[in-house]
Each structure stands twice: as structure tokens, then as C-alpha cells.
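Data block below; observations after.
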Amino acid sequence: MAEPLADGGGMDSATQAFVVHRNLLFTVAYEMLGSAADAEDVLQETWLRWTDVDLDTVREPRAYLIRITARQALSRLRTLGRRKESYVGPWLPEPLLTAPDVAEDVELADSVSMAMLLVLETLAPTERAVFVLREVFDLEYDEIAEAVGKNAAAVRQIAHRARKHVATRRPRGVVSAAETRDALEAFQQAIATGDLQGMLDILAPDVVFLGDGGGIKEAAPAPVMGADRVAPLAVGLRRFGATALLQPAQVNGCPALILRLGGEIDTVIAVRIDGGLISGLYAVRNPEKLSRVEREATLRR
């Protein structure tokens with residue numbers, strides 16, 4: 001049975017509940033997996049299991065659906081871990097073009113940002129599931145326990161360990177709209193003019209550049225660290241010439257630039273800004289990860 005469309009009328013109660021929470025469930029799966037394609041597969045699996053549930057036994061459809069989604073995502077997350085071991089070069093999350101309302105929800109934007117998703121990648125699968133369900137979606141410990149197959153006491157311990165781990169690695173704070181605008185404009189200007197010093201001025205000394213070509217497109221084979229090494233790489237985007245168009249965008253609730261060559265998306269560059277300086281550049285070139293940047297994804301908590 002196919003997953004229901006989000007705009008159907010005359011739906012039965014099971015379908016209606018699923019459609020109402022679909023964007024939320026997609027967000028849960030995406031935050032656990034970092035892959036929109038895999039998140040969609042998880043939603044299909046969730047729908048199939050939801051249609052077999054006796055709704056008379058369900059007190060709270062939202063929590064119940066989140067638990068089903070989390071179980072399916074956790075299973076897939078373990079499979080993805082094995083797949084990533086053979087991935088060519090750095091692996092980055094699949095970027096999502098997001099509407100302004102995602103950026104306005106500071107907690108949601110933080111949780112789906114490239115920087116945070118990369119932090120979540122450093123957690124074990126169960127730790128990641130527990131952290132996402134508790135810290136982002138505010139499920140109770142006993143509900144999380146059902147989703148991950150642990151008891152509530154164990155989940156509390158896992159949550160504490162995951163919070164501590166994430167706290168030492170998470171992005172440093174909220175950036176104002178003015179800081180974001182100024183940093184992106186300075187970055188684009190340095191590329192347009194080939195101004196190496198201007199690029200050095202806008203990059204944090206410890207800036208990190210990650211490129212994901214997936215073995216399909218040329219990309220840096222390892223992280224590039226430090227302004228002196230990243231600046232020439234960034235200014236080098238100028239080599240694409242007159243056919244290149246670098247457009248500001250909101251990706252994963254955060255500032256980004258979309259590089260188009262001949263009208264086609266070539267690279268999505270998510271930007272992390274701290275203290276008015278660019279501290280992270282995450283360039284996704286793998287074409288298998290760029291199909292969703294043509295239309296906005298609806299994310300919900």
C-alpha cells in the first residue's frame with residue numbers, strides 16, 4: 001500500500017493522523033539519518049506499520065507515530081553506518097532547502113544544521129536516537145524506551161551521556177541576521193574579485209572546509225583546516241567563470257550558498273558562522289544528494 005498524499009480529502013482516521021504528523025515524522029527520521037532519501041523510506045515503512053495498528057489502543061497518535069518512525073530509523077541508521085564505511089571521501093548530510101520559518105525556530109534550526117548533524121554523526125546509533133527524541137522532540141523517557149528497546153533507567157543514562165558528548169562539540173551560539181548577511185556578502189565578494197586577503201579576513205583562524213563528492217564529483221579528499229589553507233580553496237570557486245551563479249539560500253535552517261553552473265545546481269555550500277566569522281564550510285557536490293535543493297522541505301517539531 002502506498003503512503004498517502006498530504007492533500008487528500010475524505011481520509012479515514014489512520015490516514016488523517018499520519019498526514020497531520022507527516023512533516024514531523026520526516027524531521028525525526030532526517031535528524032536521525034542525515035539523509036532525506038532514507039527518511040522518506042522510513043516514512044513508507046512507518047505508514048505500512050501504522051495501517052496495522054488498532055487505533056483504539058492508541059492514546060496519543062503523535063507519540064505513537066514518532067516511536068514507530070524512530071524504531072525504523074534506528075534500524076536503518078545501523079545499516080547506513082556500514083554503508084558510510086565505504087563512502088569515498090568525507091560524508092556530509094543531504095542538504096535540504098528550508099523555508100524562513102525553520103530559521104525562526106532557533107532550536108529546530110540548530111538541530112538540523114549541517115554542523116549539528118555532523119556532531120550527531122559522532123554518537124552511537126542508540127545515543128543519537130535518544131538524544132533526538134528527548135532533546136529535540138521532547139518525548140518522555142518511557143516513550144523513548146519503547147522506541148529504542150531499552151528500559152527507562154537505561155535511557156536516562158544514555159541521554160545524559162549523549163547530552164554531555166554533544167555539549168562539547170555543538171555550534172557555539174546564535175548568530176544575528178546582520179552578522180550572517182555581512183559574512184555571506186564578504187565571502188561572495190572575495191570570490192567574485194579573487195580577493196585572497198578579503199577571504200582571510202572573513203574566515204575564522206580555525207575554519208574547517210569539508211567537501212562531499214561521493215566519488216562522483218571532484219572534492220577535497222579530507223577535511224581542510226585553517227584559514228591559510230581554506231582561503232585559496234574558497235577563492236578558487238572563481239575559476240568556474242561567467243557560467244557560474246552563486247546564490248544565497250537557507251539550507252537546513254542556516255545560511256548557505258548554491259553554486260549553479262549553466263543553470264544546474266553543482267554545489268551546495270552550507271556556512272557556519274561564529275562571532276561574525278565563517279568557521280565552517282560544508283560543500284556538497286555529490287549529485288545524488290542535491291535533488292531536494294530545488295524545492296523547499298517542510299520541517300516540524
Practice task
For the pair Val19 and Gln16, evaluate side-chain contact (heavy atoms from CB on, under 4.5 Å) and give the outcome as yes or no after the intermediate values.
Solution key: CA-CA 5 Å; Val19 169; Gln16 186 174 21; 5.9 Å; no

Practice task
Determine the minimum heavy-atom distance between Ala190 and Gly198, stating which atoms define it.
Solution key: CB-C, 4.1 Å

Handout entry: Results of salt bridge (charged side-chain N to carboxylate O under 4.0 Å, His left out) for Arg76 - residues two or more places apart only
Key = Asp38, Asp41, Glu45

Handout entry: Pairwise side-chain contact, Leu200 with Asp228, heavy-atom cut-off 4.5 Å (strictly under)
Key = yes

Practice task
List the steps and the verdict of side-chain contact (heavy atoms from CB on, under 4.5 Å) for Met225 and Val207.
Solution key: CA-CA 6 Å; Met225 294 175 281; Val207 63; over 6 Å; no

Exercise for the section: Verify the distance criterion only: is there a donor paired with an acceptor across the side chains of Tyr141 and Asn151 at less than 3.5 Å? Expected result: no

Practice task
Identify the two heavy atoms, one from Val284 and one from Pro93, that lie closest to each other, and give their separation to 0.1 Å.
Solution key: CG2-O, 4.0 Å

Side-chain donor-acceptor contacts of residues 235-242 below 3.5 Å, not counting sequence neighbours, with atom names and distances?
from: Arg238; atom 1: NE; to: Ala192; atom 2: O; distance (Å): 3.0
from: Arg239; atom 1: NH1; to: Gly236; atom 2: O; distance (Å): 3.0

Practice task
Examine distances only and state if a side-chain atom of Gln188 and a backbone atom of Glu185 form a donor-acceptor pair shorter than 3.5 Å.
Solution key: no

Problem - Shortest non-hydrogen contact between Ala109 and Val102, atoms and distance - result: CB-O, 3.5 Å

Practice task
Could you list all the salt bridge (Lys or Arg N to Asp or Glu O under 4.0 Å) pairs where at least one residue sits in residues 148-161, not counting sequence neighbours?
Solution key: Glu127-Arg161

Handout entry: Partner residues of Tyr282 under the side chain to side chain donor-acceptor pair (under 3.5 Å) criterion, sequence neighbours left out
Key = none

Handout entry: With Asp56 via side-chain contact (heavy atoms from CB on, under 4.5 Å) - residues at least two apart
Key = Asp54

Handout entry: Heavy-atom closest contact (Ala29 atom, Val42 atom, distance)
Key = CB-CG1, 4.0 Å

Handout entry: Tyr87 side chain to Gly215 backbone, donor-acceptor under 3.5 Å
Key = no

Problem - Lys217: partners by salt bridge (charged side-chain N to carboxylate O under 4.0 Å, His left out), with sequence neighbours left out - result: Asp266

Which atom pairs, one a donor and one an acceptor, fall under 3.5 Å between side chains of residues 112-121 and the rest of the protein, sequence neighbours left out?
from: Ser113; atom 1: OG; to: Asp110; atom 2: O; distance (Å): 3.0
from: Ser113; atom 1: OG; to: Met116; atom 2: N; distance (Å): 3.1
from: Glu121; atom 1: OE1; to: Lys84; atom 2: NZ; distance (Å): 2.9
from: Glu121; atom 1: OE2; to: Lys84; atom 2: NZ; distance (Å): 2.8
from: Glu121; atom 1: OE2; to: Arg128; atom 2: NH1; distance (Å): 2.6

Handout entry: Among Thr193, Ile191, Val230, the one residue meeting side-chain contact (heavy atoms from CB on, under 4.5 Å) with Met199
Key = Ile191

Completion exercise
With sequence neighbours left out, the residues meeting salt bridge (charged side-chain N to carboxylate O under 4.0 Å, His left out) with Arg229 are none

Practice task
Answer yes if Trp91 and Leu123 sit in the same cluster of Ile, Leu, Val, Met, Phe, Trp and Tyr residues linked by side chain heavy atoms under 4.5 Å apart, and no otherwise.
Solution key: no

Practice task
Decide whether Gln197 and Asp201 meet the rule of one side-chain donor and one side-chain acceptor closer than 3.5 Å.
Solution key: yes

Exercise for the section: For Ala129 and Leu74, work out which heavy atoms get closest and say how close. Expected result: CB-CD1, 4.2 Å

Handout entry: Closest non-hydrogen atom pair, Leu210 against Pro90
Key = CD2-CB, 4.4 Å

Distance-only criterion, 3.5 Å: show the donor-acceptor pairs between side-chain atoms of residues 291-301 and protein atoms not counting sequence neighbours.
from: Arg292; atom 1: NH2; to: Glu40; atom 2: OE2; distance (Å): 3.2
from: Glu294; atom 1: OE1; to: Arg260; atom 2: NH2; distance (Å): 3.4
from: Arg300; atom 1: NH1; to: Asp101; atom 2: OD2; distance (Å): 3.2
from: Arg301; atom 1: NE; to: Asp105; atom 2: OD2; distance (Å): 3.2
from: Arg301; atom 1: NH1; to: Glu107; atom 2: OE1; distance (Å): 3.0
from: Arg301; atom 1: NH2; to: Asp105; atom 2: OD1; distance (Å): 3.1
from: Arg301; atom 1: NH2; to: Asp105; atom 2: OD2; distance (Å): 3.3

Exercise for the section: Could you tell me whether Glu60 atom CD has more than 12 heavy atoms of other residues or ligands within 6.0 Å of it? Expected result: yes

Handout entry: Spacing of CZ belonging to Phe18 relative to OG1 belonging to Thr69, to within rounding of 0.5 Å
Key = 7.0 Å

Completion exercise
For Arg163, the salt bridge (charged side-chain N to carboxylate O under 4.0 Å, His left out) test, sequence neighbours excluded, returns Glu135

Practice task
State, without any angle test, whether Thr46 and Arg67 hold a side-chain donor-acceptor pair at a distance under 3.5 Å.
Solution key: no

Fill in the blank from the handout: Separation between CG (Leu43) and NE2 (His21), nearest 0.5 Å, reads 12.5 Å

Exercise for the section: Check for a donor-acceptor pair, side chain of Asp12 on one end and backbone N or O of Ala14 on the other, with a separation under 3.5 Å. Expected result: yes

Practice task
With sequence neighbours left out, write down each residue that passes ring pair (Phe, Tyr, Trp, His ring centres under 6.0 Å) with Tyr64, or none if nothing qualifies.
Solution key: Trp50

Exercise for the section: Using the side-chain contact (heavy atoms from CB on, under 4.5 Å) rule, take Lys289 and Asp212 through it: C-alpha gap first, then chi angles, then the decisive distance, then the call. Expected result: CA-CA 9 Å; Lys289 294 184 176 183; Asp212 179 345; 2.6 Å; yes

Practice task
Return the set of residues passing side chain to side chain donor-acceptor pair (under 3.5 Å) with Thr180 (not counting sequence neighbours), or none when no residue passes.
Solution key: none

